[in-house]
Structures are given as structure tokens and as C-alpha cells.
Amino acid sequence: MLRQVAEGVLIHESEFCQSNAVVVQGRAGVLLIDPGVQGHEMACLANDLSDSGQTVVAGFSTHPHWDHLLWHARLGSARRYGTARCAAIVRDRLSDAGAKARVAELIPPDIVEQVPLDLLGRITGLHAEMAQIPWDGPQVRIIEHQAHAPGHASLLIEERGVLIAGDMLSDVLIPMLDLNVADPIEDYLAALRLLEGAAGNVDVVVPGHGSIGGAVQVHARIGQDRAYVHALRDTHVLSDPRIGPSAKDGWEWVAGVHEGQLQRLARRSERDGTPG
Ligand SMILES: [Zn+2]
């Protein structure tokens, strides 16, 4: 079911990790961002669109993780985009014959049969200088940064007051850092500064996973994510409502992600602190 969150901007929620697909209405059809996860969910979205006489004229993936790179044949064959960096990584990771089997191993076993991988990651990279998604509809500004995943794009639809955060600014997921880069903490903080700079007139924040937030939540979530990253950096005792007894039902596993990040960061600083 499609739900309107701002004029001409609608959300379709997937069951897996409360993933949000975003539909933006344009002049000749819609832009579809991170379409969803299970086949029946994307088919449902395709039905909703065709019932209201709309076709998909462009697609976009916010970052190179499997749950943001899916597509369904019934959504049609519009061109799908990502940042140049995102597209290059996807091309590289999916280039060999065993790639899809590796991706399937990342998907929870209870839904893997329901996740169609045949159209996975068929995206065209947009040049780094390209500040907007090329399509005939409201301007969608690309805010590229390297938090969470390389070539990650958050998207700002200024005239509708909507910030599509990708996998940041969630009420249920903590910041999940890309720990394969030189300075994951600073990359994350830099991305939050970019989002803060863009959030001035935002009334609606759409996270990749979790609940849609209003104007107050945009800033509260930026603050909450920053506090989390600061606590990781400074090894502070952390009080974050997304971890521990205050976590929402079904999200208790996020505490395990937090423990994993702490351990990997500790190993990194041990390694970096060892002479020679
Ligand atoms: Zn995700």
C-alpha cells in the first residue's frame, strides 16, 4: 500500500527491516528509489502504480547494499541510477559467476526464496559532478557521502521538503559504519554535517529503514546519530534508545550490531597503535 508523506511523494514499506521504498511523482511517470525487498512487495507496488495509471520512468539506488539494489520485472525497464562510485562497486562485486550466490548468503534464510535477484544492481552511475537525478519531475538533489557505504547518496527534494536519508537517521537502526575505510568515524560525522546543512527546510525525513519523521525528528535524529558516533569514538558509556530494553519489538538484534562495531573499532585502534 502506498502512503503519501508529502505532496507527490509516497512510501511503500517492506516487511524486512521496515525498508522504505520511495515514489516521487513526475510529469510523465514516477521516480522509484530503493524499490523494496521481497518479490510480492515489489509486485504489490507495481500494482498500486498501474492501478493509478502511473509508470516508473526512472529508478535510483541509494547505496551498494543488496536490499537497496533490487528490482522487479513488473516495475518495467526504466533506467536505474546510483552515484558513479556506487555503480562501480556494484559492477565490481557482481562481475563474476558466483556473485549472486554470495549475495544470497547475506539475505536472511527465511526470506531468501522471496527475494528476486535476477535484476539486482543494474544501475547506471551518475557522474560525481551531477548534482541531481536526471528525470522529468521535482528536482532531486544528490548528497553524496561515504558514511555507511561507499558512494552513498542521500536525496533532497527541496520543493517538497523531503529528505530521503538512505541508511542513516533511523529511529530503529544505529549508525552502521563502513569499517573498511581509513576513517569511518570521520566519514560518518562528515556525512551528518552534510545532512544537517541540507535539512534547514525539511519537513519529512525518510530513512532507508524505520519510521518516517517530521521536521523536529530530522534534527533530533541527526543529533542522536552524532551522539552515537561520538560515543563510539570516545568509548563513552552509551545511552541510545535504539539499543537495550528501549529498543522496539523485533529490533533487539541492533544491540549485537553495536557490540560488533565496538569490537572491530577496538581491534583497529590496537592494530594502529602497535609500532611497526
Ligand atoms: Zn539497508
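Order of appearance sets the numbers: ligands from 1, and atoms from 1 within every ligand. Sequence positions, counted from 1, serve as the residue numbers for this chain. All values below were derived from every heavy atom in this structure, side-chain atoms included, with hydrogens, water molecules and symmetry-related copies excluded.
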Looking at Asp67, the N, O or S atom sitting nearest the Zn ion (ligand 1) is OD2

Exactly one of Asp167, Asp187, Thr62 clears side chain to side chain donor-acceptor pair (under 3.5 Å) with His148, and that residue is Asp167

The Zn ion (ligand 1) has as its nearest N, O or S atom from Asp167 the atom OD2

Please determine if the Zn ion (ligand 1) has an N/O/S atom from His63 lying under 2.8 Å away. no

The atom name of the N, O or S atom in His68 nearest to the Zn ion (ligand 1) is NE2

Verdict with supporting geometry, Asp34 and His68, side chain to side chain donor-acceptor pair (under 3.5 Å): CA-CA 5 Å; Asp34 293 353; His68 301 264; 2.8 Å; yes

task: Go through the steps for Arg242 and Asp225 under the test salt bridge (charged side-chain N to carboxylate O under 4.0 Å, His left out), then give the verdict.
output: CA-CA 10 Å; Arg242 298 168 290 190; Asp225 277 3; 2.7 Å; yes

Q: In sequence, state the C-alpha distance, the side-chain angles, and the governing distance for Gln54 and Gln25, and then conclude on side chain to side chain donor-acceptor pair (under 3.5 Å).
A: CA-CA 9 Å; Gln54 303 177 91; Gln25 287 166 341; 2.9 Å; yes

